[in-house]
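Taking it in order: structure first as structure tokens, then the write-up.
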Amino acid sequence: PMAERTALAAIRADEDDPWAHFALAMVYSHAGSIENTLAEYEMALRLNPIFALAQACYALVLTWGGRVREGAAAAARAIRLSPRDPFSAIYYAVASYAAFVERDYGESIRLGRDSIRQRNDFVAAHRVMTAAAGMAGDPGLAKSTLKELRRVHPDVSLSLIRSWLPVRDPAEREHFLEGLRRAGLE
């Protein structure tokens, strides 16, 4: 609640500050409130339509909530708005996850590679790329991506990922876990 109080205080200080709404969206995201998260990202984007980081985070929550096409479009906007941004590894990882959910594993792998090329220690990109490699049925790639995932996240496990993955649709959560399982994660 301290983070929420701080974000709300920032909004009270300047309700037109997109970063304040972004902060509150992050608080709601960590609390698992998809509707409130989306509302705050939408407000941040109304206030600053070229806020690439907000576009990417909005894309991720849209995808978690089952609005995959909208999520993929928002991730593509983030990349287009700021392709050399210090946060662009996040944008590519979110786009990779949206492609994974759409069952376009080749595109998910390509976007995951773009993310990792920009930040080789980015755990989220490694997770998605590993799941995509598992679902794509490429045992060599799945083995190498799992090795890299374990390098950047040594204690990773299916139960750990299951415990925090905030995907609304249980079948979609299982789809992601199945990709990791096929890659060899236990």
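Position 1 is the first residue of the sequence, and the numbers go up from there.
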Looking only at heavy atoms, which two atoms of [X] and [Y] are closest? And how far apart?
| X | Y | result |
| --- | --- | --- |
| Ala52 | Tyr91 | CB-OH, 3.5 Å |
| Ala20 | Ile11 | CB-CG1, 3.7 Å |
| Leu111 | Ala99 | CD1-CB, 4.3 Å |
| Ala56 | Ile90 | CB-CG2, 4.5 Å |
| Thr63 | Gly71 | OG1-CA, 3.6 Å |
| Gln55 | Ala78 | CB-CB, 3.8 Å |

Hey, any chance [X] and [Y] share a hydrophobic cluster, counting ILVMFWY side chains that come within less than 4.5 Å of each other, even indirectly?
| X | Y | result |
| --- | --- | --- |
| Val128 | Val61 | yes |
| Val94 | Tyr58 | yes |
| Leu141 | Val123 | no |
| Leu24 | Trp64 | no |
| Met129 | Leu60 | no |

Members sharing Ile50's hydrophobic cluster, built from side-chain contacts under 4.5 Å between Ile, Leu, Val, Met, Phe, Trp and Tyr, are Leu81

Check your understanding: If you group Ile, Leu, Val, Met, Phe, Trp and Tyr whenever their side-chain heavy atoms sit less than 4.5 Å apart, what else falls in with Met43?
Key ->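 Leu47, which link up through side-chain heavy atoms under 4.5 Å apart, make up the rest of the cluster.
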
Check your understanding: Can you tell me if His21 and Arg46 form a side-chain donor-acceptor pair at under 3.5 Å?
Key -> no

Regarding Glu178 and His175, is there a side-chain donor-to-acceptor distance under 3.5 Å anywhere?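 No, no side-chain donor-acceptor contact under 3.5 Å.
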
Measure the [atom1]-[atom2] distance between [X] and [Y] for me, rounded to the nearest 0.5 Å.
| X | Y | atom1 | atom2 | answer |
| --- | --- | --- | --- | --- |
| Met135 | Asp104 | CE | CG | 13.0 Å |
| Asp16 | Asn48 | CG | CG | 11.5 Å |
| Leu180 | Ile161 | CG | CD1 | 4.5 Å |
| Glu148 | Arg127 | CD | CZ | 15.0 Å |
| Asp17 | Arg12 | CG | CZ | 13.5 Å |
| Thr130 | His153 | OG1 | NE2 | 12.0 Å |

Between [X] and [Y], is any pair of side-chain heavy atoms under 4.5 Å apart?
| X | Y | answer |
| --- | --- | --- |
| Trp19 | Leu53 | yes |
| Met26 | Tyr41 | yes |
| Ile34 | Leu38 | yes |
| His126 | Val156 | no |
| Arg173 | Pro170 | yes |
| Phe122 | Val152 | no |
| Ile79 | Ser88 | no |
| Arg181 | Leu185 | no |

### Message
Does Arg69 have more than 12 heavy atoms from other residues, nucleotides or ligands lying within 6.0 Å of its CZ?
### Response
no

- request: Step through the shown structure and confirm whether more than 12 heavy atoms of other residues, nucleotides or ligands are within 6.0 Å of CD on Glu15.
  value: no

Do any N or O atoms from the side chain of [X] and from the backbone of [Y] form a donor-acceptor pair under 3.5 angstrom?
| X | Y | result |
| --- | --- | --- |
| Ser29 | Ala25 | no |
| Ser108 | Ser96 | yes |
| Ser115 | Ala89 | yes |

Sequence neighbours excluded, every pair satisfying salt bridge (charged side-chain N to carboxylate O under 4.0 Å, His left out) that has a member inside residues 30-44: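 Residue pairs passing salt bridge (charged side-chain N to carboxylate O under 4.0 Å, His left out), neighbours aside: Glu35-Arg168.
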
Yes or no on salt bridge (charged side-chain N to carboxylate O under 4.0 Å, His left out) for Glu172 and Arg103, after CA distance, side-chain angles and deciding distance?
CA-CA 11 Å; Glu172 195 51 53; Arg103 278 50 175 179; 2.6 Å; yes

Exercise for review: Quick one: list whatever passes side chain to side chain donor-acceptor pair (under 3.5 Å) with Thr6, sequence neighbours left out.
Suggested key: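 Applying side chain to side chain donor-acceptor pair (under 3.5 Å) to Thr6 gives none.
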
With sequence neighbours left out, the residues meeting salt bridge (charged side-chain N to carboxylate O under 4.0 Å, His left out) with Arg117 are Asp114

Across all chains, not counting sequence neighbours, the ring pair (Phe, Tyr, Trp, His ring centres under 6.0 Å) partners of Phe176 are Tyr97, Phe100

